[in-house]
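For reference, the structure is listed below as structure tokens.
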Amino acid sequence: MNGYKERHHKSHKSHKSSKHSHKDKDRHSSKHSSSSSKDKHRSSSKHSSSSSKDKDKHRSSKHHSSSSKHRHSSSSHKVKEERAEVKQEPVSPIKMKMDEDDIPLSARMVKTEKKRPCYAEDDDDEDDAPLSVRVDQAKKSPSSAKKRKMDDDDFMSSPKKKKTPLAKKVKSETKPTPTTPKKGKEKDPALQEDKWEWWKDEGLAEGCKWRYLQHMGPYFAPEYEPLPDHVRFYYDGKPVKLSPEAEEVAVFYGRMIDHDYTTQEVFNDNFLKDWRKVMNSKEKELLRDLRKCNFNEINDYFKLKSEERKAMSKEGKLEIKKQNEEIVKQYGFCVIDHHRQKIGNFRIEPPGLFRGRGDHPKRGMLKKRIMPEDVIINCSKDSPIPKPPPGHKWKEVRHDNTVTWLCSWTENIQGSIKYVMLNAASKLKGEKDFNKYETARKLYKCVDKIRAQYREDWKSKEMRIRQRAVAMYFIDKLALRAGNEKDEDTADTVGCCSIRVEHIKLHEKLDDKEYVVEFDFLGKDSIRYYNRVAVEKRVFKNLQIFMENKSPGDDLFDRLNTAILNKHLQSLMEGLTAKVFRTFNASRTLQEQLKLLTDEDDNVPGKMLSYNRANRAVAILCNHQRAVPKNFSQQMENLQGKIDAKRDAVKDAKRDYKASKADYKASRSITNQKNVEKKKKALDRAQEMLHKLEVQQTDKDENKEIALGTSKLNYLDPRISVAWCKKFDVPIEKIYNKTQREKFAWAIDMAEEDYEF
DNA sequence: TAAGAAACTTAGAATTCTTACC
DNA sequence: GGTAAGAATTCTAAGTTTCTTA
């Protein structure tokens with residue numbers, strides 16, 4: 001657990017225990033009538049009756065420490081202050097330039113309703129529905145427009161190549177800033193998806209995700225390889241030969257012993273419990289105390305293996321690479337509506353120990369090996385059904401084209417379903433992404449009205465409406481997540497609707513500000529959200545009312561949950577949900593900050609700095625943090641060392657320069673004059689390098705615990721960035737790497753420099 | 001209608017690959 | 001050429017929303 005991102009096990013405990021305690025109360029009083037879960041109880045007590053206030057009281061618990069006193073590093077303060085700055089003001093509306101007509105064709109592919117599968121057979125008559133592939137292929141070669149059943153060989157070898165280079169006319173590529181392929185890295189077409197400008201096609205019928213889907217099924221984790229005899233496990237100082245089943249699980253743990261997880265009691269307890277389940281009776285009898293287990297040789301063995309891999313010859317490495325590529329070629333792609341598309345995660349998750357984040361009560365449990373018999377395959381009826389590994393069969397094969405997944409299985413830790421789905425650059429994902437940003441833009445058009453409405457609702461006579469209105473204000477102003485209710489057996493984290501009294505503090509006055517709300521809670525992934533925000537008086541007063549007669553463990557918004565909230569939002573704008581506000585505010589912030597920060601006279605690095613700062617403002621708004629990188633302080637020290645050395649060098653250079661000038665003054669020879677010039681140049685160079693290092697240092701420090709990637713990938717309408725690049729002549733490669741350019745190909749093609757979110 | 005299941009997006013960590021620097 | 005730093009990629013947990021079922 002390094003750095004700022006303490007995942008607060010302690011604070012967490014306080015939450016948890018409070019939860020437990022009131023849950024226990026609940027059990028004693030009301031339970032048994034209904035099924036079981038605390039959540040059930042929770043939500044029913046929350047919204048069902050008019051006496052919910054009383055119920056709240058009853059639900060509340062003796063709260064020892066309300067939330068923990070968190071330990072702040074100085075830089076984390078910095079982050080917070082900065083966040084406060086960025087977050088304070090609600091985004092001011094900017095006039096929209098684009099009107100409905102500017103919205104490209106695919107924008108009309110909006111919301112889809114879940115419908116009965118529309119099987120390929122249903123549309124076998126080629127002429128009616130405009131199947132995208134057909135459009136493409138008809139353009140290129142009428143004969144290939146016929147739906148084609150591909151056999152395995154056909155599928156696995158090379159995809160039907162698109163014939164026309166026309167399709168590749170992505171506007172940004174007309175700029176003279178091509179990404180030159182690296183030497184020795186010739187592109188293997190079998191390792192690429194075909195370019196499919198799906199946004200120029202017409203969409204499928206509502207609810208229909210594909211017409212044809214063919215794939216090879218998932219790639220299973222390699223079988224367990226028993227340890228060589230010389231690698232031993234010890235119990236109580238004596239070597240013990242484990243059964244293969246027990247050994248495999250021991251290896252999961254042994255490989256992790258350097259990790260912080262193995263110092264956690266919950267992790268260790270869960271591990272031991274599950275480990276014992278796979279032991280034979282003799283092992284069960286003997287191995288009872290984890291503290292007496294010695295996994296060191298196992299750990300060393302895998303470290304050594306990793307070293308060996310690193311030290312392998314070039315040829316050896318190449319061989320492995322080839323083998324991997326072969327797997328990707330076979331399993332990494334599917335054919336969907338006659339286009340070859342990359343799959344996102346075609347490998348079945350290997351067995352191991354569950355790495356739940358934060359105070360997850362199930363961390364350390366054994367994640368079981370998934371077998372073909374656990375896997376459901378989803379593909380076209382008329383496609384070759386993927387073959388299960390020899391001697392096995394699939395759990396089920398279905399043909400449901402109202403969903404986008406290729407394979408699914410149920411994992412044993414939480415009982416949730418896992419899916420194999422397409423890569424982010426695929427049509428299926430891209431289209432969804434596009435629609436997401438369109439919905440956010442739609443919100444922009446009516447956000448003023450919505451804001452006016454919720455402000456009005458702060459005065460409502462009805463508590464539920466006031467709560468809803470204040471929650472909306474938080475979601476809008478602070479970009480909080482919706483905050484669903486959670487199961488008991490997960491980490492105790494919250495979002496807007498599930499915030500508890502203990503998570504906020506009210507200050508009539510704090511420093512020089514009035515009506516300050518201090519938030520302190522653990523959000524998604526147990527990342528701490530800490531913020532002090534000056535709010536409007538009415539919000540403040542409402543919060544005081546919401547908190548009256550409640551205990552720290554009670555819900556702040558006891559008359560609200562995400563379903564109620566989203567239902568209301570839906571009534572305000574079609575497609576509006578809580579998370580749209582996050583997308584909307586993030587994209588708006590980027591656009592605003594770019595306008596504010598970009599200087600068109602700057603050089604490219606200068607503009608990039610502006611871009612990154614705008615990106616950073618969004619990351620702060622959305623509270624995207626990361627653990628301080630490993631060796632961060634060491635790296636900073638090294639950098640400081642370099643800077644110090646460079647400073648000395650600058651000093652020396654200055655001295656040399658002065659000396660050369662003195663020499664020249666004494667004797668004005670050509671040599672001396674040249675020497676002066678030379679020394680001047682050296683000085684300039686040294687100064688420039690010093691400056692560069694100093695900027696690097698600032699940058700590194702500022703980015704210490706902020707993650708930029710998440711917002712870039714998920715929240716920022718890529719057309720804003722593309723337009724910015726075009727407007728300010730910054731090559732797109734500067735802001736998006738290859739993968740990102742693939743994901744945002746639609747935006748790169750669509751957006752012109754005057755695009756407005 | 002509400003709870004639970006299913007489907008899909010968002011998230012940071014871990015791992016691997018590439019580049020920069022000595 | 002070796003190493004460290006940084007970037008890219010992979011991995012999968014943890015959310016939100018939507019759909020289904022009782």
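In what follows, every chain begins at residue 1, and chains take the letters A, B, ... in the order their sequences are listed.
- Two residues, R355(A) and K743(A), neighbour DNA chain B, and the one matched to the more 5' nucleotide by heavy-atom proximity is K743(A).
- Checking N345(A) against A578(A), the closest nucleotide of DNA chain C that is more toward the 5' end is the one next to N345(A).
- Taking only side-chain nitrogens and oxygens, K418(A) never comes nearer than 4.0 Å to OP1 or OP2 of dA6(B).
- Among the protein residues, K524(A) comes within range of the nucleic acid bases, having at least one heavy atom under 4.0 Å from a base atom.
- The listed nucleotides are dT16(C), dA7(B), dG15(C); the one nearest the side chain of K486(A) is dG15(C).
- The phosphate of dC8(B) (OP1 or OP2) has no side-chain N or O of K432(A) nearer than 4.0 angstrom.
- The listed nucleotides are dA7(B), dG12(B), dG15(C); the one nearest the side chain of T710(A) is dG12(B).
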Sequence neighbours left out, cut at 3.5 Å: what donor-acceptor pairs do the side chains of residues 406-414 of chain A make with other protein atoms?
from    : atom 1 : to      : atom 2 : distance (Å)
E411(A) : OE1    : I413(A) : N      : 2.9
E411(A) : OE1    : Q414(A) : N      : 3.2
E411(A) : OE2    : Q414(A) : N      : 3.0
E411(A) : OE2    : G415(A) : N      : 3.1
E411(A) : OE2    : S416(A) : N      : 3.0
E411(A) : OE2    : S416(A) : OG     : 2.8
N412(A) : OD1    : K368(A) : N      : 2.9
N412(A) : ND2    : L366(A) : O      : 2.9
Q414(A) : NE2    : H360(A) : NE2    : 3.4

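- Proximity of H360(A) to the phosphate of dA13(C): no side-chain N or O atom is located under 4.0 Å from OP1 or OP2.
- K712(A) meets the salt bridge (Lys or Arg N to Asp or Glu O under 4.0 Å) test with no other residue; sequence neighbours excluded.
- Place K567(A) and T410(A) on DNA chain B by their nearest nucleotides, and K567(A) ends up nearer the 5' end.
- Each of dT12(C), dA11(B), dT16(C) was ranked by its minimum atom distance to the side chain of N484(A); first place goes to dT16(C).
- Between dT17(C) and N566(A), a contact under 4.0 Å exists linking OP1 or OP2 to a side-chain N or O.
- Residues satisfying the ring-ring contact (aromatic ring centres under 6.0 Å, His included) test with F220(A), not counting sequence neighbours, are none.
- Nearest to the side chain of I527(A), among dA13(B), dA7(B), dG12(B), sits dG12(B).
- Residues passing the salt bridge (Lys or Arg N to Asp or Glu O under 4.0 Å) test with E308(A), sequence neighbours excluded: none.
- Taking every side-chain heavy atom of A482(A) into account, dT16(C) is the closest of dA6(B), dA11(B), dT16(C).
- Within the 4.0 Å cut-off from OP1 or OP2 of dC8(B), at least one side-chain nitrogen or oxygen of T404(A) is found.
- Distances shorter than 4.0 Å separate none of the side-chain N or O atoms of Q635(A) from OP1 or OP2 on dA4(C).
- Relative to the six-membered ring of F354(A), R363(A) misses at least one condition, a distance below 6.0 Å or an angle of at most 45° to the axis.
- G523(A) comes within 4.0 angstrom of sugar-phosphate atoms only, judged by non-hydrogen atoms across all strands, and of no base.
- Regarding contacts with the backbone of dT10(B), a side-chain N or O of K436(A) is found under 4.0 angstrom from either OP1 or OP2.
- Contact between the side-chain N/O atoms of T490(A) and the OP1/OP2 oxygens of dA14(C) is not found at any separation under 4.0 Å.
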Could you check F333(A) against H215(A) for side-chain contact (heavy atoms from CB on, under 4.5 Å), going step by step and ending with a plain yes or no?
CA-CA 7 Å; F333(A) 295 85; H215(A) 58 90; over 6 Å; no
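- Comparing atom distances between the K700(A) side chain and each of dC8(B), dA13(C), dG6(C) picks out dG6(C) as nearest.
- Between the side chains of D260(A) and Q264(A), at least one donor N or O lies within less than 3.5 Å of an accepting N or O.
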Protein-nucleotides 8-10 of chain C N/O pairs under 3.5 Å:
from   : atom 1 : to      : atom 2 : distance (Å)
dT9(C) : OP1    : T739(A) : OG1    : 3.1
dT9(C) : OP2    : T739(A) : OG1    : 2.0

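- If you check every strand for non-hydrogen atoms under 4.0 Å, K367(A) touches sugar and phosphate atoms only.
- Listed nucleotides dA6(B), dG12(B), dT16(C) differ in distance to H624(A); the shortest reach to its side chain belongs to dG12(B).
- Across dT9(B), dT12(C), dA7(B), the shortest atom-to-atom separation from the side chain of Y419(A) is found for dA7(B).
- Nearest nucleotide to the T577(A) side chain, out of dG12(B), dT9(B), dT18(C): dT18(C).
- Closest to the side chain of N714(A), from the set dC8(B), dT10(B), dA14(C), is dT10(B).
- Residue pairs meeting the ring-ring contact (aromatic ring centres under 6.0 Å, His included) criterion with at least one partner in residues 309-329 of chain A, sequence neighbours excluded, are absent.
- Taking CG from N423(A) and NZ from K429(A), the interatomic distance works out to 9.5 Å, rounded to the nearest 0.5 Å.
- OP1 and OP2 of dC8(B) both lie 4.0 Å or more from every side-chain N or O belonging to K579(A).
- Taking side-chain N and O atoms only, K209(A) has a distance below 4.0 Å to OP1 or OP2 of dC8(B).
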